[in-house]
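To start, the structure itself, in structure tokens.
Residue numbering restarts at 1 for every chain, and letters A, B, ... go by the order of the sequence lines.
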Amino acid sequence: MSEIEESFKRIQTHKGVVGVLIINRNGSVIKSTFDQETSVSYSKMVIDIFPKADQLLKINSDNDELSFFRVRSKDNDIMITPDKDFFLLVVNKIHKE
Amino acid sequence: MSEIEESFKRIQTHKGVVGVLIINRNGSVIKSTFDQETSVSYSKMVIDIFPKADQLLKINSDNDELSFFRVRSKDNDIMITPDKDFFLLVVNKIHKE
Amino acid sequence: KDQDDVVIPELDDFEKQNILDSDAFKSFFTKSSKVIERALYLDDSVDILVDYTLSDDSKSKS
Amino acid sequence: KDQDDVVIPELDDFEKQNILDSDAFKSFFTKSSKVIERALYLDDSVDILVDYTLSDDSKSKS
């Protein structure tokens, strides 16, 4: 098992993690633990939101690339890390100890 | 000085905080440490992004209200807390110790 | 762009003060400022974008 | 809605595997997975949406 596979598994099996999605900048699904419909739903939202989130950061700072995105509700946490080619999205259920 | 004023000042004077903005759900500026133009720029972006971020959360969980939003770049951190009437936005410059 | 067509209603100082004095706002700000303060303190203690497994040299450069 | 008009190109398994095997992807995933893992561990240790100044009763209810 490659280091990439091991990292993927570690995230996937982390307590509370509901799903992991990797898409490219066109929104095409590269790898996902979600079903097809859910994957495409997330993908469409991500490629819609990210240019806007990037613009939000650029209001006060020109050359700064968006590195991390996060939205929280009481029970859910969606985290997204981008680079110029890909997005990694993780959905985490918040668990109370 | 009210407790509200004290909290506002504490956030505003926190190390690295560049600005604090409070808007309502229409995007009207209620209180801001940014200039008018910057305030309106942030406001427009926030009321554009938030419904989409809310939709993102609802893909996997119907009744869950968006409670916290965050975008990070290497040097900047924008955090937004909403309720049904208002948004509090804070821009933080990441400082390295 | 759609965004440029959005008109943000501008409030006068009286309207702003009424909102700031309202129970709805006080309730919102009391709760929200705590969330932000916790997030800021967390930000001060750990930067998730920094790779702590790198040597100090690499960290300084990045 | 605009969003419903967006067409997401679908990749076949061969194309997916080529991407997964690429240097660009490996570089991205190595870096990004570390950020996510740190964020997840942080999430486990402190929930910024929880008000720790409340009594245990209030916390349980919320």
Would one find more than 12 heavy atoms of other residues, nucleotides or ligands at under 6.0 Å from atom [atom1] of [X]?
{"X": "D:Glu10", "atom1": "CD", "value": "no"}
{"X": "D:Lys31", "atom1": "NZ", "value": "no"}
{"X": "D:Asp23", "atom1": "CG", "value": "no"}

Report the distance from atom [atom1] of [X] to atom [atom2] of [Y], rounding to the nearest 0.5 Å.
{"X": "A:Ser2", "Y": "D:Asp21", "atom1": "OG", "atom2": "CG", "value": "9.0 Å"}
{"X": "D:Ile19", "Y": "A:Ile22", "atom1": "CD1", "atom2": "CD1", "value": "10.5 Å"}
{"X": "A:Ser7", "Y": "D:Glu37", "atom1": "OG", "atom2": "CD", "value": "5.5 Å"}

Looking at [X] and [Y], what are the two nearest heavy atoms and their distance?
{"X": "A:Arg70", "Y": "D:Ala39", "result": "NH2-O, 3.9 Å"}
{"X": "D:Ser33", "Y": "A:Ile11", "result": "CB-CD1, 3.7 Å"}
{"X": "A:Ile30", "Y": "D:Leu20", "result": "CG2-CD2, 3.8 Å"}
{"X": "A:Val29", "Y": "D:Leu11", "result": "O-CD1, 4.0 Å"}
{"X": "A:Gly27", "Y": "D:Ile8", "result": "O-CG2, 3.0 Å"}

A:Asp85 side chain near D:Phe25 side chain, heavy-atom distance below 4.5 Å:
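Of all side-chain heavy-atom pairs linking D:Phe25 with A:Asp85, none is under 4.5 Å.
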Is any side-chain heavy atom of D:Gln17 closer than 4.5 Å to one of A:Lys31?
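Side-chain contact under 4.5 Å: no.
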What part of D:Leu40 gets closer than 4.5 Å to chain A, counting heavy atoms only: side chain, backbone, both or neither?
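For D:Leu40, heavy atoms of backbone and side chain both lie under 4.5 Å from chain A.
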Return the orientation label for the D:Phe28 and A:Phe86 ring planes: parallel under 30°, perpendicular over 60°, tilted otherwise.
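Aromatic pair D:Phe28/A:Phe86 classed tilted.
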Go through the atoms of [X] and report whether side chain, backbone, both or neither lie under 4.5 Å from a heavy atom of chain D.
{"X": "A:Ser67", "answer": "neither"}
{"X": "A:Asp77", "answer": "side chain"}
{"X": "A:Val20", "answer": "neither"}

So A:Arg72 and D:Leu49, side chain to side chain contact (heavy atoms under 4.5 Å, CB included) or not? Walk me through it.
CA-CA 9 Å; A:Arg72 271 291 312 269; D:Leu49 297 183; 3.2 Å; yes
What option among A:His14, A:Gln36, A:Arg10 has the most heavy-atom pairs under 4.5 Å with chain D?
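Greatest number of close heavy-atom pairs with chain D: A:His14.
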Relative to chain D, which of A:Thr81, A:Val40, A:Asn26 shows the most heavy atom pairs under 4.5 Å?
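Highest number of pairs under 4.5 Å: A:Thr81.
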